[in-house]
Undergrad: 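Got a structure for you, written out below as structure tokens; questions coming shortly.
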Amino acid sequence: GAGGGNDIQWCFSQVKGAVDDDVAEADIISTVEFNHSGELLATGDKGGRVVIFQQEQENKTQSHSRGEYNVYSTFQSHEPEFDYLKSLEIEEKINKIRWLPQKNAAQFLLSTNDKTIKLWKISERDKRPEGYNLKEEDGRYRDPTTVTTLRVPVFRPMDLMVEASPRRIFANAHTYHINSISINSDYETYLSADDLRINLWHLEITDRSFNIVDIKPANMEELTEVITAAEFHPNSCNTFVYSSSKGTIRLCDMRASALCDRHSKLFEEPEDPSNRSFFSEIISSISDVKFSHSGRYMMTRDYLSVKIWDLNMENRPVETYQVHEYLRSKLCSLYENDCIFDKFECCWNGSDSIVMTGSYNNFFRMFDRNTKRDITLEASRENNKPRTVLKPRKVCASGKRKKDEISVDSLDFNKKILHTAWHPKENIIAVATTNNLYIFQDKMN
Amino acid sequence: MFVRGLKRKCFDGEEDIEGTLAGIKAIPSYNLQRQSLLDMSLVKLQLCHMLVEPNLCRSVLIANTVRQIQEEMTQDGTWQMINTQSTGQASLDRLVSTDILCRSSREQAEGKHVPGYSTFNKDFEGDQGQDSLETMSTASSVQAPRNLQSNVWEMENPQENKGNFQKSLDQIFETLENKSPNSVEDLFSEVDNSYYDLDTMLTGMMSNTKMGHCDGLETFSSPTTATSSSNCKSDLNELDHIVEILVES
């Protein structure tokens, strides 16, 4: 558990979203992402909206807390579409948001639903020109005969306005549902992955993309494996990985060939034959893959565990952390109610020393790679006293339940934390419950 | 072609497990749980998602689970049918007591006693003689899969069963592939995205710039103008199709 020494003490900071338990489907949060500086925090929801929060500048008089995150911009990124040929709806749900590194005053992000990726420019306007020579303030042209002197417009301050405009729309390249987007370290290209294919795009070019991975079998009846996630290496612009529903990760080098169907490395842990059950394959399916900031390691999340892989070792992970092993005996029920197909994400802290992932009952877990200690915390409005340290939670797997422990059967499987994000530099985390976004930070002296 | 139930074993010959009550009850219980899992999986595969395209990853994982069960059943020769009385209707609302299936194979080898068997027993004796063939076409789309599962037929021999099962699994996939898109899980849609542009389709021209992965002019499932109102009908049509397959055997 946490507490004492160098362990972080997490405190509630803020919660965003509706208070009532009746969750509007459109408000379900589907992705959370900090930008590269951590100043901005973006969320996407099932209704196709993106909400960006901005951290306030630190208040020198309030040294005990960092700036709060307040709404900076809200816009409708994707709309529901109808696929006429298949008579199916294309959901507007935002599957992923990825920020581009900032190059000028404006911010750019990529957001994607199942089929279409969009590049959004978010820019501020806090001045406007006033005093045109030939035009009135409302835009109408002045009567030329009334113009007797030359007047040059000047910029005058106005209330801050944040505008989001779609700069590129990357469409019609995916037959199957997009699960990942990842921006290359060259900051010029990015990849998008669906169930069977991965495409490479140039950020400036929307009418063309290159297919770099294709695992679709000639005969669809032979389909037994799909792509579940993909990511570019943070430093090597020619390297990317993709994970599969069979628990494998393939590392590919784009210099090797145009179509990277043959991997450079295959990461797979041999199955423990004594632990085999009918659900072994399903729980081995990888729901998320993330490189460490250093690029030396990658982390994968499967149903019950988080694994850290050293890129130099393919035959097994170097670290394995159990997220909720007590669910192993409940797999049948979880299969029945479809929870076994939940896709949990995972994330690294800025220094790659701690990893975090979500669980059920609005619990989330952190694993310290150095101390080997782990902690379970809960995102709940009951704990919302700022600067009060969060109490660690414990699930009682079997036997006598101690005080303050919660038994497995009491867990609420509808309250799942699938999306979490860690500030790139500070100990500030964003945790999404179904329709609320919680922000926690470490206790400062 | 859906394998159901199991042959009640003659315990006289099972000398190696004679004795403990747990031993005798453990075997059919595992088989029935496995059967229940198989039934549940097939229902999950067949469930019709009306408007939104189903999750391909989920479908593939379920299909793989079904194949696994099939392989295991082939290997241990439980590929036999029994009469109505012993089948019981594995409730498809819930998996039967799932304790055994959640254990690792090592634990099962140790032959642990199965708690919850008594609950299962009640389900087991639940319904007798439920021949629902004639009720099938009138059942709602949710009801129908359940009735489908409780349909009874006699199989001649294990070999035929195995062939039939594989055939039926392939046929589900085939059926799904060829079916009108808005019926049952459209697992294997072959439609190329560029056809989504109605104008492009009508003029018969393809914009090359959209062919990122260059699949060429793929054939796609027969165009349908089915609207949501015909979803129910296509469900029943599809079930009729499945019934035809069953009856043919």
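All chains are named by letter (A, B, ...) in the order of the sequence lines, taking the proteins before the strands, and each is independently numbered beginning at 1.
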Undergrad: Could you tell me whether the side chain of A:D195 reaches within less than 4.5 Å of the side chain of B:V60, counting heavy atoms only?
TA: no
Undergrad: Below 4.5 Å from any heavy atom of chain B, which atoms of A:T228 appear? Answer side chain, backbone, both or neither.
TA: side chain
Undergrad: How far does OG of A:S285 sit from CG of B:L61, to the nearest 0.5 angstrom?
TA: 5.0 Å
Undergrad: Atom CZ in A:R276, atom CD in B:Q68: separation rounded to 0.5 Å?
TA: 4.5 Å
Undergrad: Nearest 0.5 Å, please: how far is OG1 in A:T175 from CG in B:L56?
TA: 11.0 Å
Undergrad: Measure the spacing between CD of A:E336 and OG of B:S36 and express it to the nearest 0.5 Å.
TA: 8.0 Å
Undergrad: When rounded to the nearest 0.5 angstrom, what distance separates CG in B:L38 from CZ in A:F278?
TA: 9.0 Å
Undergrad: Taking side chain as C-beta onward, heavy atoms only, is A:E225 less than 4.5 Å from B:N64?
TA: no
Undergrad: Under 4.5 Å from any heavy atom of chain B, what part of A:L259 do you find: side chain, backbone, both or neither?
TA: neither
Undergrad: Between atom CG of A:D338 and atom CZ of B:R58, what is the distance when rounded to the nearest 0.5 Å?
TA: 4.0 Å
Undergrad: Using a cut-off of 6.0 Å, state whether more than 12 heavy atoms not belonging to A:E325 lie near its atom CD.
TA: yes
Undergrad: I'd like to know if the side chain of A:Y335 pairs up with that of B:T65 as donor and acceptor (distance under 3.5 Å, no hydrogens or angles considered).
TA: no
Undergrad: Do the non-hydrogen side-chain atoms of A:K343 and B:C57 ever get within less than 4.5 Å of each other?
TA: yes
